[in-house]
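Remember, it's 1-based here, ligands and their atoms both numbered in the order they're listed.
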Amino acid sequence: MSKKNTKYIFVTGGVTSSLGKGIVSASLGLLLKSRGFNVTIQKLDPYINIDPGTLNPYEHGECYVTEDGAETDLDLGHYERYLDAPTSQNNNVTTGKIYQTVIEKERKGDFLGKTVQVIPHITNEIKRRIKMLSKQNYDIIITEIGGTVGDIESLPYIETVRQLKWELGEKNTMVIHLTLLPYLASSGELKTKPSQHSVRQLMESGIMADVLVCRTEHTIPKDQRAKLAQFCNVPLDNVIECKDLETIYEVPIYLQKQNFDDVVLKELDLKSDKEADLKDWKVFLKKFKNPKRTVEIALVGKYISLQDSYISIAEAFKHAGASQETEVKVRWVYSGDITAENINETLNGVDGILVAPGFGDRGIEGKVLTAQYARENKVPMLGICLGMQIMTVEFARNVLGHTKANSMEFDTSTPDPVISIMEEQKNIVDKGGTMRLGAWKCALKNGSKLSEIYGTKNISERHRHRYEFNSEYLQEFEKHGFLATGTNPETGLVEALEMPDHPFYVGVQYHPEYKSTVATPHPLFKAFIKACEKK
Ligand code: GLN
């Protein structure tokens, strides 16, 4: 049991998916944190995959990686970016994980003699996963339930919320239901009926929503608000409007103006003398919305049609850009379309280039051409993970003359495997959760650009990869001006490369984007944007 009386907030969604439960949860977390509470946010995902690590980003957006090496839903990225605090393995639970645990227990004989059922065995396991976080002494745990009320696969989660409301007591739990108010242009009206229906659906599962958050394109008229309160059984003050805004970072301020945090504290019988202090957040927003200059950066990747695939990179640009009053315009470039003939035109006029992380060989040669373009034309370039591996391949082919150099991920019989499979990966056959994951230490070389950027020699960054720089080529690389300036202090693995004879040509095996938050923009992104400004 936790020492504190932890309070639990559940966030459910109705009407449609993609209403922004993650942003609402993150915004509420920020407001409550600024009122002095120790808050964490958890996501329950109803799909059967153990984690999104094996999901195509086209289906599920980016896979976010935590400090402790969990491959998680991209909403955890929002939680960290808003709360400026790390999440962990326990912050993302899927149906796959729940069933895996229950089935393993069944095989061990933990339920001997009993029929194992959704209720109570699956719901108990969901409860255990929710309560597990309270051991870390949080005042408030916000649990976002993925999917939409009424989905078959969400049922056990909704049932668990119902049970927890009874077990933990009225004032210790609450449910925030996020719905959509569609706007009918022909009659010029916001419609409340879908919200009424989804609240009713929730009630059929035995749950009353305590607060209604309404996504809407337009301000909700007073009478519609009253109607929502009346039909959905909530006090008028508990109908909160969540209008479409220019940026997701305005949401906390918008919700605060409607006393969202006060409403929630009242429901949970919590008191705080501390006003929500969002001063720094507002400074960020002001700079973000009133930039003094603009740079355009090409983001070259293979998942370009869905920008959620690179969401942490896009957000890291915003944090770092705003901190120095620079707007970062992103030119999304699909690497599969890049050829030697069109590259000048495709990248014409950009101030910088970021080659994205990725897996598989689609669009690889376009990325190699991009790295060559950036190196030869002295365009600032940051390569992340696969991006860094591509810079290595390009350098080996075009500077060192190893024309067939490649990563072993794409060509196992290359005569020059400048990127090779990591030793500990060689015998791994399972795909799920088996990469080099999570935070690893990295030592930066004295006098390097990277040590200057970070302002320290010892850093820690998050990883997600199977391949690595092949150290057999290190001497040759360094002799020709591409230096390994970041290495793992224990194993000597090359984690970062830079080219002194270039305004900014940096490749990192790790993912700096995962650690960028509004409060703490990432130094590497800041330095990269600065270099782009100079160009
Ligand atoms: N596919 C590469 C590897 O596994 C790079 C991974 C990445 O970019 N995250 O090493």
Side-chain angles (χ1 to χ4, degrees), residues 51-58 60-67 69-72 74 77 299-304 308-314 316 333-336 353-368 370-371 381-394 396 405-412 414 417-440 442 461-471 473 484 486 488 491 493-497 506-516 524:
D51 59 48
T54 49
L55 277 168
N56 187 331
Y58 274 125
H60 206 71
E62 168 189 284
C63 173
Y64 186 77
V65 179
T66 59
E67 284 287 297
E71 296 180 280
T72 73
L74 63 79
L299 197 157
V300 181
K302 73 169 188 174
Y303 302 113
I304 291 306
D308 267 2
S309 308
Y310 304 111
I311 189 161
S312 290
I313 294 175
V333 179
Y334 171 53
S335 56
I353 295 169
L354 189 145
V355 175
F359 299 83
D361 59 6
R362 183 161 56 84
I364 287 302
E365 292 307 320
K367 289 184 178 174
V368 174
T370 303
M381 167 161 174
L382 176 60
I384 297 182
C385 206
L386 176 64
M388 169 232 142
Q389 298 175 353
I390 293 285
M391 289 162 105
T392 307
V393 169
E394 190 280 323
N406 214 333
S407 160
M408 283 181 76
E409 183 178 1
F410 315 121
D411 181 3
T412 43
T414 166
V418 286
I419 300 294
S420 56
I421 184 102
M422 303 177 77
E423 201 48 46
E424 67 267 27
Q425 290 284 330
K426 281 185 179 156
N427 298 319
I428 292 176
V429 279
D430 282 358
K431 287 275 183 276
T434 54
M435 279 186 254
R436 181 179 186 226
L437 289 166
W440 292 82
C442 173
E461 292 278 8
R462 300 184 200 171
H463 292 248
R464 181 173 187 246
H465 59 112
R466 288 185 208 284
Y467 296 83
E468 60 163 319
F469 181 86
N470 183 347
S471 295
Y473 291 86
N488 180 291
T491 59
L493 281 186
V494 172
E495 315 281 32
L497 292 150
V506 176
V508 289
Q509 184 59 76
Y510 53 80
H511 291 260
E513 71 274 23
Y514 293 145
K515 279 180 76 167
S516 172
L524 189 50

J.: At what distance is the nearest protein heavy atom to atom 4 (O) of ligand 1, and which residue and atom is it?
T.: Arg466 N, 3.0 Å

J.: Any idea which protein heavy atom is nearest atom 5 (C) of ligand 1, and the distance to it?
T.: Gly358 O, 3.3 Å

J.: Taking atom CD of Glu365 and atom CD1 of Ile390, what is their separation to the nearest 0.5 Å?
T.: 7.5 Å

J.: Within this structure, what is the SG-NE2 distance for the pair Cys385 and His463, rounded to the nearest 0.5 Å?
T.: 8.5 Å

J.: Please could you name the atoms of ligand 1 that Cys385 approaches to less than 4.0 Å, counting only its heavy atoms?
T.: 5 (C), 6 (C), 7 (C), 8 (O), 9 (N)

J.: Check this for me - ligand 1, Leu386, N or O atoms closer than 3.5 angstrom, yes or no?
T.: yes

J.: Any chance you could lay out the side chain to side chain contact (heavy atoms under 4.5 Å, CB included) test for Glu409 and Phe359, step after step, and finish with the verdict?
T.: CA-CA 8 Å; Glu409 183 178 1; Phe359 299 83; 4.1 Å; yes

J.: Assess the side chains of Tyr303 and Arg362: does a donor N or O sit below 3.5 Å from an acceptor N or O?
T.: no

J.: Taking the non-hydrogen atoms of His511, is any one of them nearer than 4.0 angstrom to ligand 1?
T.: yes

J.: Ligand 1 and Gln509, any nitrogen or oxygen pair closer than 3.5 angstrom?
T.: no

J.: Looking at CD of Gln425 and NE2 of His465, how far apart are the two atoms once the value is rounded to the nearest 0.5 Å?
T.: 8.5 Å

J.: How long is the span from the CE atom in Met388 to the CG atom in Leu382, to the nearest 0.5 Å?
T.: 12.0 Å

J.: Could you tell me whether ligand 1 has any atom less than 4.0 Å away from a heavy atom of Met422?
T.: no

J.: Under a 4.0 angstrom heavy-atom cut-off, which atoms of ligand 1 come close to Arg464?
T.: 6 (C), 7 (C), 9 (N)

J.: Please could you name the atoms of ligand 1 that Glu409 approaches to less than 4.0 Å, counting only its heavy atoms?
T.: 1 (N), 2 (C), 3 (C)

J.: For ligand 1, indicate whether the residue Gln389 contacts it via side chain, backbone, both or neither (heavy-atom separation under 4.0 Å).
T.: side chain

J.: Could you tell me whether a side-chain N or O of Thr72 sits under 3.5 Å from a main-chain N or O of Tyr64, the two making a donor and an acceptor?
T.: yes

